[in-house]
Amino acid sequence: MPRVSFTRNLQRHINCPEIAVDGETLREALENAFSEYPGLRGYILNDQGGLHKHMAVIVNGEATLDRERLAQPVQPQDEIYVMQALSGG
Amino acid sequence: MNPKLLIATRKGLFSISPSNGAVDTTDFLGDPVSIAMFDARTGFYFAALKHGHYGVKLHRTQTLGGEWEEVDPPAYPPFPEGREPDRCPMRGIEIPWQLEQIWALVPGGEDQPGRLWCGTIPGGLFKSDDNGENWTLVESLWNKPERHKWMGGGYDYPGIHSICVDPRDSKRVTIAVSCGGVWQTEDDGASWNQVGHGLRFDYAEGDEAYDPVSQDPHYMVQCRDQPDNYWIQHHNGIFKSTDGAKTFTEINEAGPSVFGFGVAVHPQDPNTAWFAPAIKDEQRIPVNGELVVTRTRDGGNRFDVLKNGLPQEHAYDLVYRHGLAIDSTGDQLAFGSTTGSLWATADQGDQWTTLSSTLPPIYSVGFVE
């Protein structure tokens, strides 16, 4: 199962430790994580379901550029890291 | 309850005594609070946050300084498939179809328990009938063809910052848009008409200068007890209406400047109003570095320049549109500035007291009574 972890700065708002989730795409994996952590979705995605402007998602060390659809396939061994982009602080 | 001031700032929410400046409570320390509101009907406080990374959030509580409940903020409906994005008529940039900022948060009428109105950037108006738990986009306004003429003013995208619910009839709601002029519903938001005729846009000439949809009202207030009377601090000056916001007339002289953002009207006397002037649009600082408030008592013919207790040299405070507030008696006012200073008066502005000069940049000031 892909593992999803979140920037420590998010923990101030939502308790969301690293989690292993099902999912064949990045969106599926994230949505499954959101269902475990109520309230988390709005801290990462905007109301249209895309990544917030100043958030980034790294899959195995590479930033996803498909920020609206998040349709990138993910594999069971993948590491997904949700972090703040360096912009926008 | 002793009145207190609810101060939303770039780095937290504070409640402060207007008499001595004591800070009673601190919430959301370090986080940008774009606006805060107290709903006297229910005792709920609301705080809208605009995180740099995590988007717009809405919280509510009935106890400042304690636990807050996060509720879902207004959300734009899914972008319709196949639709072309909205674009700024002036610059052609795409206007996002998503919540960028909560810019106005106002209780509905006394006869509408749970009703809240919320104005946002990029221009959507939302309403809730359950104290903010669920929000609905007011599509009748969002779908107006004229909305495509709305554009950004100080912000990149258009936004609704002023919402006036008529005390005589809660179904009559008047809003002001930067930039999009003044709009009014008589049927609780089912339909909307452009009002605000007579407002003048300095950058155009002839009839175009009076195009009601091109106007940039910075802030609009309505007199509680004589609600046909409105005041607007506009990008190009000061305007007042005595016919329910249908038409406005321009005030050409008001002390050091007619430019500014904030305006307050006396709740009983529509001819008494206060403003916080700055030099002009491209120099948003007090004239000569002297911070003053201007006050008219005769509907704008004459203005007092109030400076007792305010810094008169090297003061570069700017007062944002939600940064000047008046209480329900019309005697107490308070205002906060972009440089984190806060002043209050108990005598309609004849004498001001410095409550703080070390707060974060102040976005909104409100009396809690």
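Bear in mind that the values here come from a model prediction, so they are computed numbers and not experimental data. Keep in mind that the numbers below use all heavy atoms, side chains included, and drop hydrogens, waters and symmetry copies. A, B, ... follow the sequence lines: proteins, then strands. Residue 1 opens every chain.
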Where does B/Glu70 contact chain A at under 4.5 Å (heavy atoms): side chain, backbone, both or neither?
side chain
Whatever's closer than 4.5 Å to a heavy atom in chain A on B/Asp72 counts as neither
Contact part of A/Leu10 toward chain B, heavy-atom cut-off under 4.5 Å: side chain, backbone, both or neither?
both
B/Pro74, part contacting chain A, at a heavy-atom distance under 4.5 Å
backbone
If you apply the rule side-chain hydrogen bond (donor to acceptor under 3.5 Å, both in side chains), what do you find for A/Gln84 with B/Tyr54, and how did you get there?
CA-CA 8 Å; A/Gln84 298 143 298; B/Tyr54 309 128; 3.2 Å; yes
Rounded to the nearest 0.5 Å, what's the gap from CZ on B/Phe44 to OG1 on B/Thr61? Could you check?
8.0 Å
Does the pair A/Arg3/A/Asp78 count as a salt bridge with the N-to-O cut at 4.0 Å?
no
Quick check on A/Arg41 against chain B: is it the side chain, the backbone, both or neither that has a heavy atom closer than 4.5 Å?
neither
Do B/Asp130 and B/Arg115 sit within salt-bridge range, that is, some charged N less than 4.0 Å from a carboxylate O?
no
Is it true that B/Arg60 and B/Glu133 make a salt bridge, defined as a side-chain N closer than 4.0 Å to a carboxylate O?
yes
Proximity breakdown for B/Pro73 and chain A, heavy-atom pairs closer than 4.5 Å:
neither
